[in-house]
Amino acid sequence: MEIPKPRGTRDFLPPEMAKRRCIESRLREVAVHWGYGEIKTPTFEHIELFTLKSGEGILGEIYNFKDKGDREIALRPELTAPVVRMYVEELQKSPKPLKFFYFDNCFRYERPQKGRFREFFQFGVEIIGSIRPEAEAEVIAMAVEMLKMAGVTGDLHVGHLGIVRSLLKDILPEHQGKIMRLVDKKDEKGLEDFLDEINAPDDMRGKLFRLIGLRGINAVHEARELVGDIGAISQFDALLSLLDVYGLEYQVDLGIARGLDYYTGMVFEIYCDGLGAQNQVCGGGSYRLAQLFGGEDTPSTGYAIGFDRIMEICEVKPAAPVSIVVVSFEDTRKEAIVIAKRLRKHVVTYIDVMGRKFKDQISYANTIGASHVVVVGKNELDAGKVALKDMKTGGQELLTVEEVAGRLKE
RNA sequence: GCCUGGGUGGGGUAGCUGGUCAUCCUAUGGGACUGUGGAUCCUACGACUCGGGUUCGAAUCCCGACCCGGGCCCCA
């Protein structure tokens with residue numbers, strides 16, 4: 001009986017993998033050039049790592065199980081919490097800032113859709129130990145650069161949770177969370193109803209609605225008038241001017257709340273067309289998780305790119321490598337293996353493993369799109385050479401193996 | 001979790017107003033062809049997603065499950 005892959009998972013065939021690797025290496029290149037070091041954390045963690053503060057949203061979607069030692073284990077639904085866990089566990093006394101990047105699979109139990117899978121891949125970056133807008137701006141600029149390198153263009157929205165939250169400081173924390181979620185959804189009706197329900201003061205309500213509607217160049221100025229000259233405002237102001245320095249185009253959007261509850265300061269999201277309902281390809285912000293995991297309070301900033309979503313919309317054709325096929329006859333098969341072994345040091349080389357006849361070996365070379373065929377026959381070997389056949393032109397010439405290698409290097 | 005469209009060989013399809021061995025194309029393996037590829041011919045391989053129900057009889061009609069696609073929710 002046939003066993004299908006589990007729902008929401010995918011197999012990646014060679015052509016697809018070539019494309020994925022191509023994009024991955026471009027993102028990787030950006031991260032490395034910006035001075036970030038690659039890290040890898042376990043595929044599964046103790047479930048508390050995610051239940052502690054990731055927000056209600058994520059809880060219902062966690063893949064979890066009890067292991068044989070009766071531990072409650074979860075497949076990671078995201079990578080920020082594990083990175084912070086790793087930091088708290090072994091890197092607290094390292095010189096700051098710490099700059100990391102990762103590329104790994106995550107798991108969420110959700111209804112699969114376009115650009116949404118149960119096993120999906122995130123390419124992310126975290127900078128740990130800086131509270132400054134410089135760090136926030138760097139991270140945003142890097143996100144934009146990565147998307148650019150991947151060949152996708154998106155709309156960058158930047159907000160700051162501290163500003164909205166300052167309005168809500170007199171409201172119960174659990175109500176705050178609910179309000180933020182409604183804000184994020186842009187569900188004004190629901191927000192109004194909820195504010196009615198908890199008897200929110202009129203003054204606050206008015207300011208909240210005006211605040212989350214702020215957009216554009218004067219947004220910061222207007223926000224300052226609404227909530228006063230608080231720290232979050234000046235921090236946000238400083239961040240925006242740095243984004244200008246980086247030459248980024250962005251939209252101020254104080255209505256961004258993010259689904260994960262651990263964000264505390266700057267938040268940003270990048271949206272792209274062509275993905276249906278899943279138009280968010282990148283999201284991130286500043287957070288304070290270290291303390292929650294038993295470490296010292298440490299400000300951090302990071303983001304994650306939805307790698308699969310990028311793959312969905314980016315247009316790349318990885319360059320097909322030049323490849324050749326070594327063909328031989330019954331009486332020269334062993335010599336052909338030796339020659340193929342030598343040629344593989346220089347060029348992608350195939351050799352028949354099906355016991356095919358000479359003609360069919362050439363036919364095979366044709367079907368896989370080999371650029372050349374190296375004929376290893378009695379006649380050629382007697383001359384101490386092989387025949388190099390150009391599959392495009394059909395032309396053929398006698399050369400030594402070294403000459404063949406030299407010819408095919410370019 | 002909710003709403004919605006769909007599942008026929010590896011890929012693409014016909015059949016789907018119930019009734020001969022389920023159509024065709026393509027791909028793949030082998031051969032015609034014993035030192036030269038894309039063609040042709042032959043041959044092999046290979047499917048009604050699964051389970052119930054209606055019926056003398058189901059790929060076809062009904063129900064359920066599973067899976068895929070689209071939307072909501074949420075998120076990457």
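Just so it is clear, the structure is predicted and the values come from calculations on it, not from any experiment. Throughout, a chain's letter reflects where its sequence line sits, starting with A, and its residues are numbered from 1.
With no hydrogens or angles considered, a side-chain donor-acceptor pair links A:Y250 and A:D244 at under 3.5 Å.
With B:rU36, B:rA76, B:rC68 as the candidates, the nucleotide lying closest to the side chain of A:K389 is B:rU36. Side-chain proximity of A:R111 to the nucleotides B:rU4, B:rG37, B:rU36 is greatest for B:rU4. If you check B:rC68, B:rA76, B:rC75 against the side chain of A:P112, the one that comes closest is B:rC68. Nearest nucleotide to the side chain of A:R108, out of B:rG37, B:rG35, B:rC75: B:rC75. Side-chain proximity of A:M354 to B:rG35, B:rA76, B:rG29: nearest is B:rG29. Closest contact between the side chain of A:F358 and the listed nucleotides B:rG37, B:rG35, B:rC75 involves B:rG35. In the set B:rG70, B:rG37, B:rG35, the nucleotide with an atom closest to the side chain of A:K359 is B:rG37.
Both distances falling under 3.5 Å, in either a Watson-Crick or a G-U wobble arrangement, occur for no nucleotide opposite B:rA58. B:rG10: Watson-Crick or G-U partner is B:rU26, with both key distances under 3.5 Å. Under the Watson-Crick or G-U wobble criterion, with both distances below 3.5 Å, B:rG5 is paired with B:rC68.
For B:rC68, the OP1/OP2 oxygens have a side-chain nitrogen or oxygen of A:R7 closer than 4.0 Å. One finds a side-chain N or O of A:K357 lying less than 4.0 angstrom from the OP1 or OP2 phosphate oxygen of B:rG31. OP1 or OP2 of B:rG35 has not a single side-chain nitrogen or oxygen of A:K378 nearer than 4.0 Å. OP1 or OP2 of B:rA76 has not a single side-chain nitrogen or oxygen of A:Q122 nearer than 4.0 Å. Taking side-chain N and O atoms only, A:R356 has a distance below 4.0 Å to OP1 or OP2 of B:rG29.
Taking atom CG on A:D11 and atom C1' on B:rG10, their separation rounds to 14 Å, with Å as the unit. Taking atom CG on A:N279 and atom C1' on B:rC73, their separation rounds to 14 Å, with Å as the unit. Across the protein-nucleic acid pair, A:L381 atom CG and B:rG35 atom P stand 15 Å apart, rounded to whole Å. Rounding to whole angstrom units, CD of residue A:E269 and P of B:rA76 are separated by 7 Å. Nucleotide B:rG10 holds its P atom 13 Å from the NZ atom of A:K5, rounded to whole Å. Rounded to a whole Å, the OH atom of A:Y109 is 16 Å from the C1' atom of B:rC73. Rounded to whole Å, the distance from CG on A:D352 to C1' on B:rG30 is 14 Å. Distance A:F107 CZ to B:rA76 C1': 14 Å, rounded to the nearest Å.
Here the separation of B:rC72 from B:rG15, taken at their C1' atoms, is 36 Å to the nearest Å. Across B:rA59 and B:rC16, the matching P atoms stand 14 Å from one another, rounded to whole Å. The gap from the P atom of B:rC25 to that of B:rA65 amounts to 39 Å, rounded to the nearest Å. A gap of 13 Å separates the P atoms of B:rC24 and B:rC42, to the nearest Å. Taking the P atoms as reference points, B:rU49 lies 6 Å from B:rU8, given to the whole Å. For B:rA32 and B:rG37, the P atoms lie 14 Å apart once the distance is rounded to whole Å. Rounded to whole Å, the separation between the P atoms of B:rC68 and B:rG29 comes to 30 Å. Rounded to whole Å, the P atom of B:rG52 lies 29 Å from the corresponding atom of B:rA14.
Checking A:K392 against A:P6, the closest nucleotide of RNA chain B that is more toward the 5' end is the one next to A:K392.
Between the side chain of A:D360 and the base of B:rG37, no donor-acceptor pair under 3.5 Å is found. Contact annotation: side chain of A:R10 to base of B:rC68, donor-acceptor pair absent below 3.5 Å. Judged by distance alone, with hydrogens and angles left aside, A:R116 brings no side-chain donor or acceptor close enough to the base of B:rA76 to form a pair under 3.5 Å. The base of B:rA76 sits within donor-acceptor range of the side chain of A:E110, with an N or O pair under 3.5 Å. Contact of A:E380 with B:rG35 (side chain to base): a donor-acceptor pair of N or O atoms is detected under 3.5 Å. With hydrogens and angles ignored, no donor-acceptor pair under 3.5 angstrom links the side chain of A:Q361 to the base of B:rU36.
For the pair A:R108 and A:F120, the cation-pi criterion (under 6.0 Å, within 45° of the ring axis) is not fulfilled. Note that A:R76 lies outside the cation-pi zone of A:F44, set by a 6.0 Å cut-off to the ring centre and a 45° limit from the axis.
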Next item on the list: Kindly indicate, with the supporting measurements, whether the criterion side-chain contact (heavy atoms from CB on, under 4.5 Å) is fulfilled by A:T298 and A:Q291.
Entry: CA-CA 7 Å; A:T298 311; A:Q291 198 171 33; over 6 Å; no
Margin query: Using ring-ring contact (aromatic ring centres under 6.0 Å, His included), reason through A:Y271 and A:H157 one step at a time and then give a plain yes or no.
Written below: CA-CA 8 Å; A:Y271 312 97; A:H157 289 225; 4.9 Å; yes
Item checked: Candidate pair A:Y303 and A:E126, rule side-chain hydrogen bond (donor to acceptor under 3.5 Å, both in side chains), full reasoning -> CA-CA 7 Å; A:Y303 66 84; A:E126 312 289 341; over 6 Å; no
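The residue A:V375 sits close to a base: some heavy atom pair falls under 4.0 Å. At the heavy-atom level, A:D308 lies nowhere under 4.0 Å from the strands shown. Nucleic acid contact class of A:G369 (heavy atoms, under 4.0 Å, all strands): none. Among the atoms of the strands shown, none is found under 4.0 Å from any heavy atom of A:E330. Here A:G124 lies out of heavy-atom contact (under 4.0 Å) with every strand.
The aromatic ring of A:F307 is not stacked on the base of B:rA76, since the criterion of ring centres less than 5.5 Å apart with planes inclined by under 30° is not met.
With A:R344 contributing its side chain and A:T349 its backbone, the two residues share a donor-acceptor pair below 3.5 Å.
Between A:L79 and A:T41 the shortest side-chain heavy-atom distance falls below 4.5 Å. The side-chain heavy atoms of A:F123 and A:M146, taken from C-beta on, include a pair separated by under 4.5 Å.
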